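This is the structure I have questions about; it appears just below.
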Amino acid sequence: MDNPFARFAGTRTIQADLSLLEENYVPDSFPHRENQINEMVTILSSILRGSRPSNIIVYGKTGTGKTSTTKYVTKMLMEAANNVSVVYVNCEIYDSPYSILVAIANSAGEEKIPELGWPIDRIYRETLDRVERTGKFFIIILDEMDRLIKKSGGDSLYVLLKLMTDVDSVRVSMIGITNDTTVLENIDARIKSRLNQESIVFPPYNASEIKDIISSRLEKVLGSDVVDQTAINLCAAIGAQEHGDARKAIDLMRIAIEIAIRENRNKITENEIYEARERYEMNVIREAISTLPLHSKIVLLSAVVTQEIEPNSVITGEIYENYRRICDDLGFSPLSPRRISDLLTELADYGLLMMDDRNMGKYGRTRSFSMVHQAETIKKYLLEDENLSMFKSSKMPKQTRFDT
DNA sequence: ACTCCACAGGAAAATTGGGGTA
DNA sequence: TACCCCAATTTTCCTGTGGAGT
């Protein structure tokens, strides 16, 4: 038998530092974002003259460079002025007034404040204290700011505004990043007016812009002749299709390079990109499935099972019957048919199932469902859930409720 | 034309789960 | 600890419906 390590030995054909293509890596050049950078620099530059800059709201879809650009500009600002401190807060994680204050205080001070336990006003005073003591300008970046507002309304913003005005000689300002252009419409008018923000818009990239971005990113990663131009074009085209998403394009390129390295290929062509896209989509599906609530998972599993035993009637009622059996089997108490009907609608909305109206005339009207993806794949990902791992399809009866 | 199946999907009531409070 | 409150989830109850069968 051949030594299984043989194909990994010898010199690798491709050398690449893939960390430069990771999602959170901040590059040092931003093709086609010169205007946005200039705007931001202009606004923030008032710090150099000793006055507080306006608050900034950055709008743009995912993958348009909002976060990276903001991080880059603020980093440059920190280098140019030594009295600036930048706090990056991802509101997906820190989504309450409390946790944001903690994040600020912790970056401003020596000792960590516990994530839980202190009353909010004590945290507030502590934060205020620390900010004043440093004597620095604070710029607070609120990434995914829309999350914050959806979760706690304007409360969190209000606290921040209060912080801005309570600090002597106003030394705090914020940059909000969002992909939802309507965020500010839903908050209190008083808060809105006090924000006195300027907005910067990041429009989607088109294909040729994404092409430039990929090329410029690749320069530092690997040699120029390793990646086919056609591969870059394909990546760019896919990214442009997805609302001008440069991040997806870069992700695809990174995965493609990973594949090439692992398979010991010496070139990245359109094929590698197609493979990368497949893997990417798989991960999306897997992620979508793994975050589903328990009963949605069982319903989806039931849909798969129903298709296996009765491919022609993957119908609400059938799915429900099987759902009940599976719940029985696994020891969960089933939800009502009405609820399952809604869960099925949700699954269809998520794109995990295809939904069709089906009219059987005398025999009623219902909805029929079919798999969008390979049933085996779906099942595999579903069974990764420890609650469902005990499921054995052999236990499922081979008949439907119609035969007896 | 009328019936009737097998649901869809709206509305409201009921349950559940977390947190606060006396 | 017992109780209450609030919101989210789920159930109960309901009316509506397109077309094959008659």
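Keep in mind that this is a model prediction, so the values were computed, not measured. Residue numbering restarts at 1 for every chain, and letters A, B, ... go by the order of the sequence lines.
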Checklist entry - Do Lys61(A) and Glu242(A) meet the salt-bridge criterion of a basic N to acidic O distance under 4.0 Å? => result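 Lys61(A) and Glu242(A): not salt-bridged.
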Report, one pair per line, the protein and nucleotides 10-12 of chain C atoms (nitrogen or oxygen only) whose separation is under 3.5 Å.
{"unit_1": "dT10(C)", "atom_1": "OP2", "unit_2": "Arg339(A)", "atom_2": "NH1", "d": "2.6"}
{"unit_1": "dT11(C)", "atom_1": "OP1", "unit_2": "Ser336(A)", "atom_2": "N", "d": "3.2"}
{"unit_1": "dT11(C)", "atom_1": "OP2", "unit_2": "Ser336(A)", "atom_2": "N", "d": "2.8"}
{"unit_1": "dT11(C)", "atom_1": "OP2", "unit_2": "Ser336(A)", "atom_2": "OG", "d": "2.8"}

Checklist entry - Between dC7(B) atom P and Ile319(A) atom CD1, what is the distance in whole Å? => result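 After rounding, the gap between these two atoms is 10 Å.
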Next on the checklist: Looking only at the side chains, is there a donor atom on one of Thr62(A) and His243(A) sitting less than 3.5 Å from an acceptor on the other?
Outcome noted: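 Looking only at side-chain atoms, His243(A) and Thr62(A) do form a donor-acceptor pair, the distance falling under 3.5 Å.
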With 3.5 Å as the limit, what N/O pairs link the protein to nucleotides 20-22 of chain C?
{"unit_1": "dA20(C)", "atom_1": "O4'", "unit_2": "Lys362(A)", "atom_2": "N", "d": "3.3"}

Item to check | Which residue lies more 5' along DNA chain B, comparing Arg367(A) with Gly364(A) via nearest heavy atoms | outcome: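 Closer to the 5' end of DNA chain B: Gly364(A).
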Item to check | Nearest-Å distance for atom pair CG/C1', residues Leu344(A) and dG9(B) | outcome: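 Taking CG of Leu344(A) and C1' of dG9(B), I get 13 Å after rounding.
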Checklist entry - Which residue, Lys379(A), Arg286(A), Lys297(A), forms the side-chain hydrogen bond (donor to acceptor under 3.5 Å, both in side chains) with Glu384(A)? => result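 That would be Arg286(A); it is the only one of Lys379(A), Arg286(A), Lys297(A) passing the side-chain hydrogen bond (donor to acceptor under 3.5 Å, both in side chains) with Glu384(A).
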Next on the checklist: What is the separation between atom CG on Asp357(A) and atom C1' on dA8(B), rounded to the nearest whole Å?
Outcome noted: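 Whole-Å distance recorded here is 9 Å.
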Checklist entry - According to the interplanar angle, ranging from 0 to 90°, do the rings of Phe30(A) and Tyr72(A) count as parallel (below 30°), tilted (30 to 60°) or perpendicular (above 60°)? => result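 Rings of Phe30(A) and Tyr72(A): tilted, 30 to 60°.
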Checklist entry - So, are Glu275(A) and Arg262(A) salt-bridged, with charged N and O less than 4.0 Å apart? => result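 Between Arg262(A) and Glu275(A) there is no salt bridge, as every charged N stays at least 4.0 Å from the carboxylate O atoms.
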Item to check | Evaluation steps, salt bridge (Lys or Arg N to Asp or Glu O under 4.0 Å), between Lys267(A) and Asp228(A) | outcome: CA-CA 7 Å; Lys267(A) 226 170 176 347; Asp228(A) 263 11; 2.9 Å; yes
Item to check | Asp329(A) with Arg324(A): basic N within carboxylate O range, under 4.0 Å | outcome: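 Salt bridge between Asp329(A) and Arg324(A), a charged N being under 4.0 Å from a carboxylate O: no.
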Checklist entry - Does dC7(B) have OP1 or OP2 sitting under 4.0 Å from an N or O in the side chain of Thr316(A)? => result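 So the side-chain polar atoms of Thr316(A) never come under 4.0 Å of the phosphate oxygens OP1 or OP2 of dC7(B).
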Checklist entry - Whole Å only: how far is the CE atom of Met355(A) from the C1' atom of dG9(B)? => result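 Result: 11 Å.
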Next on the checklist: Any carboxylate oxygen within less than 4.0 angstrom of a Lys/Arg side-chain nitrogen, looking at Lys380(A) and Glu376(A)?
Outcome noted: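 The answer is no: the pair does not qualify as a salt bridge.
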Checklist entry - Is there a side-chain polar atom (N or O) of Thr366(A) under 4.0 Å from OP1 or OP2 of dC5(B)? => result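 No, no such contact exists.
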